[in-house]
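Notes follow the structure.
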Amino acid sequence: MLASVIGLFRTSSARTAPAAPVAAALLLCLTVATLGQRRFFGGFGREPAIHNASYDGRFTFVRVKYTPDPDGYWAGGLPSWVHGYPLAEKNLMRIMNDISYLGSRVDDINVLSLDDPELCKYPLAYIIEVGWWTLTDGETAAFRAYLQKGGFVIVDDFKVPGWGGTSGGGWEPFEANMQRVLPGARFIDMDVSHPIFHSFFEINSLEIVPQAYNSGRPVFRGLFEDNDPKKRLLLIVNYNTDISQYWEWSGRGFRPVDETNEAYKLGVNYIMYGMTH
């Protein structure tokens, strides 16, 4: 395409502008556009500044950081685990403190890797964009221990495989990692009969849960201790949906209030369930 455009300018150079300057300008524009695309879809790998609060017993929302797949970087070259950080969880913590006596930190959102010993001080953790999640052997063992000791994990936001022309994405990379963490693990599609959907708000239909940008009906999956739905729920997985997008956008007017409310209800219920089971 670039060659044909340059050729067009060459044939009309007598009536317009010299071909060389125009071609150079066109090449510069295409280079800038390509660089901009790389900055959005990956290749730079910087991380945001992290300022963790010291443990003092108060509820603190913990987001898990990880080294993503090489294509797992978003706008500005940030890693996929950053998506929505820290605004999404800060907004959720404000809601939690408004409607309960949880007394959670609002302005301090801790970010920890799975193999950080500090993680075991916190009963609940959140991980996002796991289609680009990678695991070291040390992280695998530490995550297994965290779950077996009683940790509860919220997994959020799956993009389709090959999203944006990148590698990764989808369900398969996440499931493969979880097989390393808990060999033989089986995920079960959840329905509204499970107590997690009634731990604070009464959520009687999952069809009303909004979709931020995915298509189709939202799917919620659970991983249970010993693969037994009668035992403790270890992970709740928001598959084919992204509820934290609504938490993040709730102060910006990007989504209807009623849809945002449903996403907040899920977040509140997840935390209440995780803190009481």
| remark: What one should report as the nearest heavy-atom pair of A263 and I243 is CB-O, 3.8 Å
| field | Residue pair L102 / I271, side-chain heavy-atom distance below 4.5 Å | value | yes
| Considering all heavy atoms of both residues, which atom of A185 and which atom of M178 are nearest to each other, and what is their separation? | CB-O, 4.4 Å
| request: Give the ring-plane orientation class for W247 versus Y126, where under 30° counts as parallel, over 60° as perpendicular and anything between as tilted. | output: tilted
| What residue among T60, V106, I109, V62 forms side-chain contact (heavy atoms from CB on, under 4.5 Å) with E89? | I109
| query | Under 4.5 Å between any side-chain heavy atoms of H83 and D242, yes or no? | reply | yes
| query | Can you check whether D228's main-chain N or O pairs, donor with acceptor, with D226's side chain at less than 3.5 Å? | reply | no
| task | Could you tell me whether the side chain of F152 reaches within less than 4.5 Å of the side chain of I196, counting heavy atoms only? | result | yes
| request: Inspect the surroundings of CZ in R186 and state if more than 12 heavy atoms from other residues, nucleotides or ligands are less than 6.0 Å away. | output: no
| message | Tell me whether the count of non-hydrogen atoms from other residues, nucleotides or ligands lying under 6.0 Å of NE2 in H51 goes above 12. | response | no
| query | Ignoring hydrogens and geometry, is there a side-chain-to-backbone donor-acceptor pair from W132 to S167 under 3.5 Å? | reply | yes
| request: Mind listing the closest non-hydrogen atom pair of S104 and R58 along with its distance? | output: O-NH2, 3.6 Å
| said: Could you walk me through whether N238 and Y270 satisfy the side chain to side chain donor-acceptor pair (under 3.5 Å) test, starting with their C-alpha distance in whole Å, then the side-chain angles of each, then the deciding distance to 0.1 Å, before giving a yes or no? | reply: CA-CA 11 Å; N238 305 320; Y270 290 172; 2.7 Å; yes
| remark: Smallest heavy-atom separation, L206 atom then M190 atom, equals CD1-O, 3.9 Å
| How about R105 and D56: do any of their side-chain heavy atoms sit closer than 4.5 Å? | yes
| request: Measure centre to centre between the rings of Y273 and F200, then say whether the value is under 6.0 Å. | output: no
| query | Minimum heavy-atom separation for N269 to H198, with atom names? | reply | ND2-N, 3.6 Å
| query | Should the pair Y239 and F158 be assigned to parallel (<30°), tilted (30 to 60°) or perpendicular (>60°) ring geometry? | reply | perpendicular
| request: Flag the pair D108 / N52 as yes when at least one side-chain heavy-atom distance between them is below 4.5 Å, and no otherwise. | output: no
| said: Less than 4.5 Å apart, side chain to side chain, heavy atoms only: is that true for V153 and L124? | reply: no
| Exam field: side chain T260 to backbone P256, donor-acceptor pair closer than 3.5 Å | yes
| Closest non-hydrogen atom pair, T241 against P218 | CB-CB, 3.9 Å
